[in-house]
There are 8 protein chains.
Amino acid sequence: MDHKEALALMEAVRDGRVTPEAAAEKLGETAFEDLGYARVDHSRASRQGAAEVIFGEGKDPEQIRGIVASMMGRKASNILITRLSAEKAEALRGSFPFDSHAEARLAVAAPQEIPLTGSIVVVSAGTSDIAVCEEAALTAEALGSRVTRVYDAGVAGLHRLLAALPQLEEARCIIAVAGMEGALPSVVGGLVSCPVIAVPTSVGYGANLGGLAALLAMLNSCASGVSVVNIDNGFGAGFLAHRINQMEGI
Amino acid sequence: MDHKEALALMEAVRDGRVTPEAAAEKLGETAFEDLGYARVDHSRASRQGAAEVIFGEGKDPEQIRGIVASMMGRKASNILITRLSAEKAEALRGSFPFDSHAEARLAVAAPQEIPLTGSIVVVSAGTSDIAVCEEAALTAEALGSRVTRVYDAGVAGLHRLLAALPQLEEARCIIAVAGMEGALPSVVGGLVSCPVIAVPTSVGYGANLGGLAALLAMLNSCASGVSVVNIDNGFGAGFLAHRINQMEGI
Amino acid sequence: MDHKEALALMEAVRDGRVTPEAAAEKLGETAFEDLGYARVDHSRASRQGAAEVIFGEGKDPEQIRGIVASMMGRKASNILITRLSAEKAEALRGSFPFDSHAEARLAVAAPQEIPLTGSIVVVSAGTSDIAVCEEAALTAEALGSRVTRVYDAGVAGLHRLLAALPQLEEARCIIAVAGMEGALPSVVGGLVSCPVIAVPTSVGYGANLGGLAALLAMLNSCASGVSVVNIDNGFGAGFLAHRINQMEGI
Amino acid sequence: MDHKEALALMEAVRDGRVTPEAAAEKLGETAFEDLGYARVDHSRASRQGAAEVIFGEGKDPEQIRGIVASMMGRKASNILITRLSAEKAEALRGSFPFDSHAEARLAVAAPQEIPLTGSIVVVSAGTSDIAVCEEAALTAEALGSRVTRVYDAGVAGLHRLLAALPQLEEARCIIAVAGMEGALPSVVGGLVSCPVIAVPTSVGYGANLGGLAALLAMLNSCASGVSVVNIDNGFGAGFLAHRINQMEGI
Amino acid sequence: MDHKEALALMEAVRDGRVTPEAAAEKLGETAFEDLGYARVDHSRASRQGAAEVIFGEGKDPEQIRGIVASMMGRKASNILITRLSAEKAEALRGSFPFDSHAEARLAVAAPQEIPLTGSIVVVSAGTSDIAVCEEAALTAEALGSRVTRVYDAGVAGLHRLLAALPQLEEARCIIAVAGMEGALPSVVGGLVSCPVIAVPTSVGYGANLGGLAALLAMLNSCASGVSVVNIDNGFGAGFLAHRINQMEGI
Amino acid sequence: MDHKEALALMEAVRDGRVTPEAAAEKLGETAFEDLGYARVDHSRASRQGAAEVIFGEGKDPEQIRGIVASMMGRKASNILITRLSAEKAEALRGSFPFDSHAEARLAVAAPQEIPLTGSIVVVSAGTSDIAVCEEAALTAEALGSRVTRVYDAGVAGLHRLLAALPQLEEARCIIAVAGMEGALPSVVGGLVSCPVIAVPTSVGYGANLGGLAALLAMLNSCASGVSVVNIDNGFGAGFLAHRINQMEGI
Amino acid sequence: MDHKEALALMEAVRDGRVTPEAAAEKLGETAFEDLGYARVDHSRASRQGAAEVIFGEGKDPEQIRGIVASMMGRKASNILITRLSAEKAEALRGSFPFDSHAEARLAVAAPQEIPLTGSIVVVSAGTSDIAVCEEAALTAEALGSRVTRVYDAGVAGLHRLLAALPQLEEARCIIAVAGMEGALPSVVGGLVSCPVIAVPTSVGYGANLGGLAALLAMLNSCASGVSVVNIDNGFGAGFLAHRINQMEGI
Amino acid sequence: MDHKEALALMEAVRDGRVTPEAAAEKLGETAFEDLGYARVDHSRASRQGAAEVIFGEGKDPEQIRGIVASMMGRKASNILITRLSAEKAEALRGSFPFDSHAEARLAVAAPQEIPLTGSIVVVSAGTSDIAVCEEAALTAEALGSRVTRVYDAGVAGLHRLLAALPQLEEARCIIAVAGMEGALPSVVGGLVSCPVIAVPTSVGYGANLGGLAALLAMLNSCASGVSVVNIDNGFGAGFLAHRINQMEGI
């Protein structure tokens with residue numbers, strides 16, 4: 001329930017159309033459904049511009065099924081389920097319509113075609129980073145953004161990155177994905193004038209510390225205009241990039 | 001052996017009813033049984049208000065069976081066995097009476113109905129935190145506290161939490177369970193006037209560092225009245241909450 | 001504004017005594033005063049049972065003076081100011097009445113005598129931990145709890161701790177303060193049946209990592225009924241101990 | 001030199017207006033001035049939409065003076081100098097025109113009035129975070145964005161934050177600044193539909209680990225649409241927020 | 001494309017043999033082949049003296065096959081594939097000619113005999129470090145360096161190392177490989193006058209922290225002339241040692 | 001070769017009984033056998049009072065077999081093989097005579113009865129620490145020390161430890177083994193006057209960080225006379241305890 | 001009060017010479033003096049073979065003076081005060097007799113000549129480690145052990161260490177002190193047959209992490225017979241070395 | 001004493017020109033001078049190609065003076081003293097001839113002109129890294145290498161680095177110095193075919209963790225041919241670069 005709806009509710013109270021008790025209850029309860037194991041957030045779309053996203057890890061198929069049913073009952077579509085293992089995807093097969101993307105461990109329930117607009121570029125340092133890239137790209141596409149992929153353009157062979165400069169320069173938002181030393185976002189950040197979202201990946205070994213090395217590097221980027229999300233968090237980057245891509249003019 | 005018993009023992013020594021040698025020995029030995037692999041602490045209930053709790057990890061079924069037998073020999077009931085894998089629970093089946101809770105990896109040996117009193121609320125940030133929540137809730141219930149569960153009320157959808165405000169306000173102690181950024185206890189702590197026990201969970205990935213991120217957040221809570229237990233330590237929270245819930249008035 | 005007040009407000013709206021616009025504004029604004037640099041939380045006492053506490057670090061004397069003035073304007077007393085350096089305390093001298101405790105870096109503004117009830121014990125491992133102990137003890141006393149101090153009773157000389165067993169056994173809540181290896185709370189926790197709040201201190205050097213060693217030890221305590229607060233957080237322990245100490249019976 | 005200029009250069013080579021040797025040299029050198037201790041990046045504004053920013057730490061006044069002179073020689077204005085200590089600011093006094101902001105450790109050299117457009121909100125958890133907030137706000141203003149400040153609205157007193165909901169909802173980009181447990185960005189992120197930039201601060205002590213606790217919390221935010229910059233990096237947040245704020249429509 | 005080629009290209013443009021558009025495109029694109037999932041870097045050999053090396057981890061056999069095919073299409077030989085699991089090696093069997101080394105998880109595609117020159121010594125602290133040693137030795141041999149192996153010569157039995165002193169003294173570059181406390185490179189570094197490359201391994205347990213202990217020790221070596229590569233990075237050490245070994249005189 | 005033997009060698013050189021070349025070679029080579037994958041240290045017993053110990057992890061059965069054969073060829077007995085998995089022990093069955101201890105992952109090759117003297121006590125905090133304890137106890141026994149075991153005597157039930165005080169007081173060296181908070185060595189260290197070797201174990205979860213919490217606690221012990229070995233390093237503690245136990249008088 | 005005294009006390013109770021109440025009190029209280037800020041442990045010498053040691057850090061001169069007075073009142077001599085800053089030493093001048101050692105930050109109160117016996121060697125890697133070495137050596141000497149110093153014998157110049165081999169071989173216990181990579185104890189441990197106590201120091205910079213690098217290296221020593229104390233803990237090493245040095249024969 | 005000298009010594013023993021006792025002593029002692037606080041390593045130049053380097057931190061001026069005197073007594077020249085504070089340099093003024101470089105905290109005692117040969121490039125990411133760069137450059141020059149400096153060529157403005165490509169391509173060894181995200185060595189490593197030594201600096205703040213972020217990034221470099229030294233270790237890089245630069249041909 002947003003501010004305007006709250007005001008409307010109070011006017012209803014004033015006019016006697018709603019009792020105070022009902023209003024107090026409604027303030028807290030209308031916006032979600034309590035399934036016991038989950039409080040499905042039905043006001044998220046109006047509040048945040050996109051339906052609740054289901055974090056698949058740590059939920060069993062029965063719980064996921066219940067949450068999706070609750071959301072589909074409210075007419076939600078293109079419901080994202082992230083970090084969904086192949087086993088769970090298989091277990092859910094037939095319960096409700098969904099498209100699944102194995103490499104990205106992502107599913108889109110109640111899928112619906114929507115026009116893709118704007119321009120996001122997802123650029124990766126290496127081939128091994130593609131799973132995270134695809135999570136980002138598919139998320140942004142499910143939300144309605146057009147995405148260009150530039151994979152394996154790491155800084156050890158700069159010309160591979162510079163060849164994509166025309167695409168980078170036309171982007172409204174860039175997602176730069178890298179493991180190991182995580183240098184890509186700094187170099188990209190120095191070349192363009194749009195917001196850059198850096199995504200560290202756990203690709204590497206030893207002193208990469210499961211992606212912490214790349215994460216720290218990105219947080220310390222000497223380039224301006226770069227911000228960072230969690231290690232391997234393709235979803236988060238895709239969601240935010242979509243938000244930026246869809247900005248209206250002032 | 002508590003202070004009063006020690007005094008009584010010395011009076012017995014003075015009166016010649018007990019020899020000094022026997023007394024010295026008794027001081028150390030009466031209060032536990034030495035099984036070789038375990039020194040079962042039989043004075044814990046009198047000393048701490050609850051029987052010894054068996055940490056199931058790293059013990060084989062034979063050892064657990066021996067410890068339970070020793071305790072049941074002393075008439076202990078509602079004996080908690082924590083971090084008990086499904087395999088070990090299966091192996092113990094039939095050895096002694098117990099209720100087991102797979103999700104919480106908890107068993108209650110020599111189960112006995114006791115009245116539940118007071119009011120503890122267990123509130124979780126997400127559905128994936130429920131296993132830890134149940135360990136906490138079942139522990140408190142086994143010890144005799146009444147527990148209310150409010151699951152999936154994380155801060156990204158505040159209205160889901162605020163809807164539970166009446167329940168939170170009536171609690172004598174709240175257990176706030178969260179993984180990822182661990183923000184829930186701070187928000188809860190700012191809303192209520194009872195003690196809040198924060199339980200970080202290992203739910204999340206990447207920079208959650210296996211729960212350290214949530215743990216650190218909770219230790220730095222800007223809300224007053226919040227203390228913290230180990231990552232995923234539902235048992236510890238449930239035990240302490242019961243202790244607080246059962247406080248008598250001054 | 002608590003739940004009851006919210007209900008009352010809505011009844012006023014229904015009855016036409018308050019306009020919806022005024023109500024919506026009141027919902028957000030009545031409970032604090034915006035000084036620009038601080039939003040002084042005037043509803044905290046009713047919500048949490050104690051007035052807002054001022055974190056002195058990172059605030060200049062002018063800001064502290066403004067916040068205290070705002071709170072005193074609402075008749076608050078025994079206002080705690082924590083982590084107040086000697087320099088700032090000196091700078092504030094004369095601005096408003098306050099008692100200051102240099103070692104504990106604590107001040108109590110608008111001090112007022114209140115009866116001390118219940119029983120909290122603050123026990124420390126060493127002499128060097130006393131500053132943190134005093135922050136805890138003085139906080140609890142300012143809030144209205146009676147406090148007993150047992151200092152320098154670390155585990156390397158157990159008899160020093162065991163000599164205090166009668167006091168420990170009579171406590172309604174114990175605050176156990178230790179640096180270095182942080183073993184004290186585990187030993188205390190094994191001896192008593194009341195809640196134990198563990199406070200790690202930064203006392204030590206080298207591998208104590210500024211108190212992290214003690215913190216980790218306490219979080220892993222094998223004794224039940226122990227929870228932990230931040231390193232050197234005497235205030236937090238004192239506040240929570242007071243809350244537990246003041247519990248009414250079920 | 002951007003892509004178009006490179007093409008133009010090659011056409012000049014083709015037409016014989018420029019020799020290949022001169023072109024090869026120009027490709028590398030025209031875009032910066034080499035002062036020995038610094039290679040001042042004169043193409044940054046055209047490449048990135050804003051002039052080079054001077055990181056004041058670790059540079060002596062003489063070096064800063066030289067860099068500013070080089071930039072002013074190219075007609076740059078509103079040149080940002082970050083992390084400039086009071087001593088260095090004093091030493092620079094008179095060398096060139098600049099506005100300095102002591103709390104934010106920021107100076108704006110060759111200051112020039114520009115219209116402020118759009119809407120950025122900087123919201124802080126506490127009063128002690130204000131220095132970082134001001135660095136962010138002043139950076140965005142120097143670049144041309146309109147900024148609203150909401151300070152001391154941390155989650156331990158939610159109503160203080162909710163009172164600012166109208167302002168938050170109207171923002172095109174929000175900068176959420178917090179130390180300690182760093183929960184603010186998650187709560188803000190759950191309330192709004194614009195991009196949220198989280199800035200962890202080093203405010204706190206002990207297990208805050210110099211701001212790492214807040215940083216980790218923010219990276220693990222359960223709210224969507226949140227990204228993170230380095231600890232205490234107000235500048236980075238302000239720069240990125242301006243970039244997002246100034247987005248044109250698709 | 002190196003500097004000379006760039007100059008040649010521009011002369012071609014000037015002379016009208018190449019259009020500016022074609023030149024601009026060529027600058028970016030001729031040097032790699034875009035397979036979608038990989039941008040195979042065909043200029044690396046000319047730029048760096050060795051063909052691109054394929055990091056096998058995180059790539060599926062199909063991708064590896066594609067990259068090798070692209071490189072073999074350009075006549076590359078002795079193509080290194082590192083961190084290649086036995087399963088993937090098996091899956092690739094028959095796709096193209098290669099030698100594989102199971103222990104070192106290394107394969108050399110399109111193998112070709114080349115003369116081995118110079119002198120590199122690979123010395124290990126223990127038997128358990130041999131896998132990493134072999135990755136280093138085989139890499140250097142594939143590139144054309146002669147390698148001597150001295151295994152299990154750790155510092156707890158110095159005479160085993162001193163017995164190899166003649167070999168160490170004749171080396172042009174030494175690779176010192178050790179897990180646990182990582183002391184070997186310091187001792188070796190104190191005995192010789194050639195560059196020493198230290199390779200920490202993950203051999204050990206507990207406080208070895210997966211090789212971090214050895215890594216840190218090596219970075220802090222009190223011996224001069226020692227530098228360090230990533231944990232278990234035998235490839236990196238072998239590549240660099242080859243580069244040093246092949247140095248020409250001034 | 002010890003100092004005396006070196007002197008003798010030089011006298012032989014002087015007297016013409018040995019050529020200088022042979023002497024130089026002998027200095028380095030006589031004391032070990034080079035198997036290619038291992039340089040078996042045959043002088044260790046004379047140098048260090050005990051034969052080389054074989055670290056079983058990371059060696060394949062063939063390598064272990066070769067090393068044992070080399071040592072048995074030099075008449076070594078009671079050869080310790082540590083961290084030997086059940087699989088490898090099985091694979092070695094029949095290759096040479098050995099006793100194996102599954103729980104302690106330890107084998108004693110070429111076993112030989114020797115008299116046990118002196119007095120070492122191994123005391124553990126919990127039942128789950130027994131595997132590490134047994135590695136320590138069996139090591140010391142294989143070397144010739146008499147060992148007393150006191151298991152599950154953690155600080156949460158002090159009386160269990162105090163009951164063993166007579167045994168502790170008679171020990172010449174104590175090995176104190178604990179996971180979780182690692183408090184046991186501090187308490188033991190405060191009770192006795194012999195050297196105490198602290199062994200942290202990885203028993204626990206969450207903030208135990210795989211044993212680091214216990215390790216740090218032990219390093220910061222406030223008791224004097226305590227030193228520490230690596231996490232789970234039962235062997236190291238048993239070896240050192242034996243060395244101390246066997247000390248002769250001054 | 002040791003076990004024998006406890007038995008005697010109980011016999012006195014049985015014989016009516018002591019009341020039970022007095023005995024219970026005596027059990028706890030006779031062995032220390034409570035100064036409020038310190039519980040001076042008067043039974044430590046009988047329990048542990050050496051008087052209590054005063055940790056000077058975090059105690060003010062007044063507190064140190066009080067503790068020393070209490071101990072001197074019980075006839076203690078050679079009382080060690082560690083980590084005593086020059087300022088505090090100066091402030092204590094005249095309060096009681098003491099020898100102070102500025103570099104080692106150590107004082108010996110109530111100094112008394114005692115014969116030095118046995119043989120401890122303190123060996124350091126570098127000149128910068130001498131302060132820690134002296135703390136160790138002076139501690140052992142104050143307790144009655146003879147100490148030989150071998151300074152600046154680090155592994156980067158092995159011959160410097162090997163020259164001291166005769167001294168090392170005659171030691172009953174060796175203290176090996178090193179910062180940076182901390183390799184010295186491993187090399188020493190491989191050369192001798194007596195216990196080796198490793199002391200990491202904070203000497204170094206960068207990735208030495210304040211001594212953690214050396215600490216970790218020492219904990220992972222591949223040499224047997226080595227144990228470790230806290231960073232810069234010369235006192236702990238000296239105390240333990242003395243204990244080992246003074247061992248009687250079996 | 002190198003291998004040849006040892007052989008010569010033994011021939012002298014055989015021929016009766018030297019007694020065995022004298023030889024044994026000479027083996028250990030001729031190669032260093034024992035000053036008590038330092039064992040000055042006089043054989044280092046013959047062993048390692050450069051005289052001992054004095055680590056100035058943690059040594060007092062008197063000690064430094066003594067070591068230099070000992071070395072000058074053996075005719076050493078261009079003796080490096082690293083990490084020498086301005087205060088110590090001042091205190092040493094007049095004791096012996098030396099050149100000092102304040103910014104690099106480096107002094108060269110007994111300075112002597114030597115011809116500079118070969119080609120090392122020191123390239124830095126920023127102006128704030130110059131102190132470390134100069135330590136590297138001056139070290140290499142003192143040892144006899146020619147050095148080119150390219151400062152402030154970080155990856156956020158790639159053209160500044162690419163403009164130095166001709167210099168980079170002509171280097172025999174490159175030292176790449178960077179703080180913050182430490183991306184420079186990866187980019188440089190991808191452009192050249194000579195060895196690259198990466199030096200992380202502590203420049204930055206917050207999540208740079210005192211240089212650890214840059215260190216980790218460099219260790220994980222995706223470019224081949226890169227190795228790493230300790231944070232801020234300009235000396236180590238300069239020493240090693242000189243060694244590589246001076247390599248003779250095979």
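Per chain, numbering begins at 1; letters A, B, ... match sequence-line order. Worth knowing before you read on, the calculation uses all heavy atoms, side chains too, and leaves out hydrogens, waters and symmetry mates. Please read all numbers here as calculations on a predicted model, not as lab measurements.
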**Student:** When you compare the side chain of G/F55 with that of C/T127, does any pair of heavy atoms fall below 4.5 Å?
**Tutor:**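 Answer no - side chains too far apart.
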
**Student:** Could you look at G/Q63 and say if it's the side chain, the backbone, both or neither that has a heavy atom under 4.5 Å from chain C?
**Tutor:**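 G/Q63 touches chain C through side-chain heavy atoms alone.
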
**Student:** Measuring heavy-atom distances to chain C, does G/N233 have an atom under 4.5 Å in its side chain, in its backbone, in both, or in neither?
**Tutor:**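 Contact with chain C is through both the backbone and side chain of G/N233.
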
**Student:** Can a donor-acceptor pair be found, under 3.5 Å and without considering hydrogens, that links the side chain of G/R39 to the backbone of C/A153?
**Tutor:**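 No: the side chain of G/R39 does not pair with the backbone of C/A153.
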
**Student:** Taking G/N230 for its side chain and C/A207 for its backbone only, find out whether a donor-acceptor pair lies under 3.5 Å.
**Tutor:**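 Such a contact is found between G/N230 side chain and C/A207 backbone.
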
**Student:** Testing the basics here: between C/G204 and G/E57, what is the closest heavy-atom pair and its distance to 0.1 Å?
**Tutor:**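 The answer is O-OE2, 3.6 Å.
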
**Student:** State the NE2-CZ distance between C/H159 and G/R44, to the nearest 0.5 angstrom.
**Tutor:**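 One gets 7.5 Å once the value is rounded to the nearest 0.5 Å.
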
**Student:** Taking side chain as everything from C-beta outward and backbone as N, CA, C, O, which of these in C/L209 sits under 4.5 Å from a heavy atom of chain G? Side chain, backbone, both or neither.
**Tutor:**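 Looking at C/L209, just its side chain touches chain G.
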
**Student:** If every non-hydrogen atom of C/Y151 is compared with every non-hydrogen atom of G/G36, which pair is closest and at what distance?
**Tutor:**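 Here C/Y151 and G/G36 meet closest at CB-O, 3.5 Å.
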
**Student:** Checking C/A156 against chain G: side chain, backbone, both or neither under 4.5 Å from a heavy atom?
**Tutor:**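 Both the backbone and the side chain of C/A156 come within 4.5 Å of chain G.
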
**Student:** Closest heavy-atom contact between G/Y37 and C/D152?
**Tutor:**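 What the structure gives for the nearest pair is O-CB, 3.9 Å.
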
**Student:** Let me confirm one number: the CG-CZ distance from G/D34 to C/R160, rounded to the nearest 0.5 Å.
**Tutor:**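 Rounded to the nearest 0.5 Å, the CG-CZ separation comes to 10.0 Å.
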
**Student:** On a heavy-atom basis, which atom in C/G157 and which in G/R47 lie closest, and how many Å separate them?
**Tutor:**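 Of all heavy-atom pairs spanning C/G157 and G/R47, the closest is CA-NH2, 3.7 Å.
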
